[in-house]
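Here the structure is laid out as structure tokens; the discussion comes afterwards.
Residue numbers begin at 1 in each chain, while the letters A, B, ... track the order of the sequences.
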There are 2 protein chains.
Amino acid sequence: MLVNMTDRAPTRTAGRVRTYDALAIPLTDDVTETALRLMEAAADAFADKGFHATTTRDVASRAGLSPAGVYVHFASKEELLFSICMRGHTAARDMIVDAAAAADSPVDALAAIMTNFSRWHAEHYRVGRIVQYEFAHLTPAHREAVMGLRKEIDAQVRSVLLDGIGRGDFVIDDVPHTTLALMSLCIDVARWYQPGIKRTPAEIGETNGRLGLRLAGARWAAT
Amino acid sequence: MLVNMTDRAPTRTAGRVRTYDALAIPLTDDVTETALRLMEAAADAFADKGFHATTTRDVASRAGLSPAGVYVHFASKEELLFSICMRGHTAARDMIVDAAAAADSPVDALAAIMTNFSRWHAEHYRVGRIVQYEFAHLTPAHREAVMGLRKEIDAQVRSVLLDGIGRGDFVIDDVPHTTLALMSLCIDVARWYQPGIKRTPAEIGETNGRLGLRLAGARWAAT
DNA sequence: GCCATGACTAAGCGCTTGCTTAGTCTTTGA
DNA sequence: TCAAAGACTAAGCAAGCGCTTAGTCATGGC
């Protein structure tokens, strides 16, 4: 991985902080309950106010700590944002890989990806907005790490499309652009979804599953 | 309109500031060159750094003024953001209304809307990002004004779809959701577009025009 | 039991930020 | 011509902000 959090100067907290890998994903179950609580608090505050308008005091108090307590577990406010982005993208990547692996055909795989990814963005629209809107506040190295995961997601979807084209299930002029368009349907749910609207996340997922097949020119999608 | 900038307490600058209407759109050609310059500078800075991380000093210096100079023309930093959002949305609304009016059929109207709106988001991806990502920093009243324009845009697209359904040109299960999906294709271009990529804004527009007709289940779109 | 480590705190640092105030200079209108 | 208005400035205010430092307390290992 591109980033190693041991870059941080050794302090009394170095041993604990180093239990994370660069993905800020727990390697084992020994991630502290406090660090998790901080990430959740930060996600909450960032979603409410945006990254820069969120103070570390706000994050700390939401997590029930003093302001300096944040720095026991994270090197900086940006590191908190990075952790949230990496967790979100890793979850999305895994979901897409699993959906594709479980499907019997490219058509099923695409429908499952669209359905699940769209539902996820509705259910997690707040994290989805953070991940999109606050991306520019990451350090260049951290942005690169996040882009790596985005590219994996893109590549997985693209390979489903190519497989479907190969089998004659999809009719697509421009695969890269169609991939982007499919991803747009899913990702943009985070922008327009809000709790209380008539459609449930599951319904949104299903509708986008069908619409995605239309975009791919799936044979039976036009009816 | 919901908001009237004359709410601001009278100062020596009240006369000048009141030449804007609540849309922050120039009513006549007497908008000052300085105010325009400030809006452009703010858009630049907001796109680079985000709203909250942008200082009024930064905006002022980009516009060639002292920090206090911003307040001669705008009541607050937020008012600058509001102006930018309203100008962007008004331009988009007008573009969509014009495209629909110039078309001979719902199919042509939808293709034109998708093509032009997508191209606009590529060409103005920085303003597009500001408008999406910084929306939450507007005051509630200003957000409501912006939402009003968004609803007009949505309604225009929806009426094209309904017209097409009525003529048998489109096959759509869920009109509101399909409207959102069509808008997602266009709006999300601002997220993924960056200068230097292979596709030009015009090409992106054309491809999205075709993909939009697929989403609408246009009869010949599947071939 | 003792010492080292880790989790956490209160206090504070040095700097920044949106905005205001009191002024100067230029332009406009009577 | 003169006064008022408008465009703008330099200076400053009050509050805030990410982060550091020096300390306390609890836990775990020897």
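Contacts of residues 56-70 of chain A with DNA chain D (heavy atom under 4.0 Å): A/Thr56, A/Arg57, A/Ala68.
Between B/Arg158 and B/Asp154 there is a salt bridge, since a side-chain N of the basic residue sits under 4.0 Å from a carboxylate O of the acidic one. Contact check on B/Lys49 versus B/Asp58 returns a salt bridge, with a Lys/Arg side-chain nitrogen under 4.0 Å from an Asp/Glu carboxylate oxygen.
The salt bridge (charged side-chain N to carboxylate O under 4.0 Å, His left out) search around B/Asp44 returns B/Arg62, B/Arg126, not counting sequence neighbours. By the ring-ring contact (aromatic ring centres under 6.0 Å, His included) test, B/His124 pairs with B/Trp120, sequence neighbours left out. Annotation: salt bridge (charged side-chain N to carboxylate O under 4.0 Å, His left out) contacts of B/Lys151 (sequence neighbours excluded): none. With sequence neighbours excluded, the residues satisfying side chain to side chain contact (heavy atoms under 4.5 Å, CB included) with A/Ala92 are A/Phe117, A/Ile153.
For the pair A/Tyr71 OH and D/dA22 P, the computed distance is 18 Å after rounding to whole Å. Remark: C1' of D/dC8 and CD of B/Glu33 are 14 Å apart, rounded to the nearest angstrom. Summarising the geometry, the separation between NZ on B/Lys77 and P on C/dC19 is reported as 7 Å, rounded to the nearest angstrom. When the C1' atom of C/dT20 is taken as reference, atom NE2 of B/His73 falls 16 Å away, rounded to whole Å. The distance between atom CG of A/Leu38 and atom C1' of C/dT9, rounded to the nearest whole Å, is 14 Å. As a whole-Å value, the separation of A/Phe74 CZ from D/dT20 P is 16 Å. In this entry the distance linking CG of A/Leu80 with P of D/dC19 reads 10 Å, nearest Å.
Each end of the helix from C/dG1-D/dC30 to C/dA30-D/dT1 yields a helix axis from five base pairs, and these two axes differ in direction by 10° (to the nearest 10 degrees).
The side chain of B/His52 contributes no N or O atom lying less than 4.0 Å from OP1 or OP2 of C/dT17. Between B/Thr55 and the phosphate of C/dT16, there is no side-chain N or O to OP1/OP2 separation shorter than 4.0 Å.
Partner of B/Ile113 under the side-chain contact (heavy atoms from CB on, under 4.5 Å) criterion, out of B/Asn208, B/Val97, B/Val160: B/Val160 alone.
Atom NE2 of B/His89 is separated from atom CZ of B/Phe135 by 7.5 Å, given to the nearest 0.5 angstrom.
Counting only heavy atoms from C-beta outward, the side chains of A/Arg129 and A/Phe46 never approach each other to under 4.5 Å.
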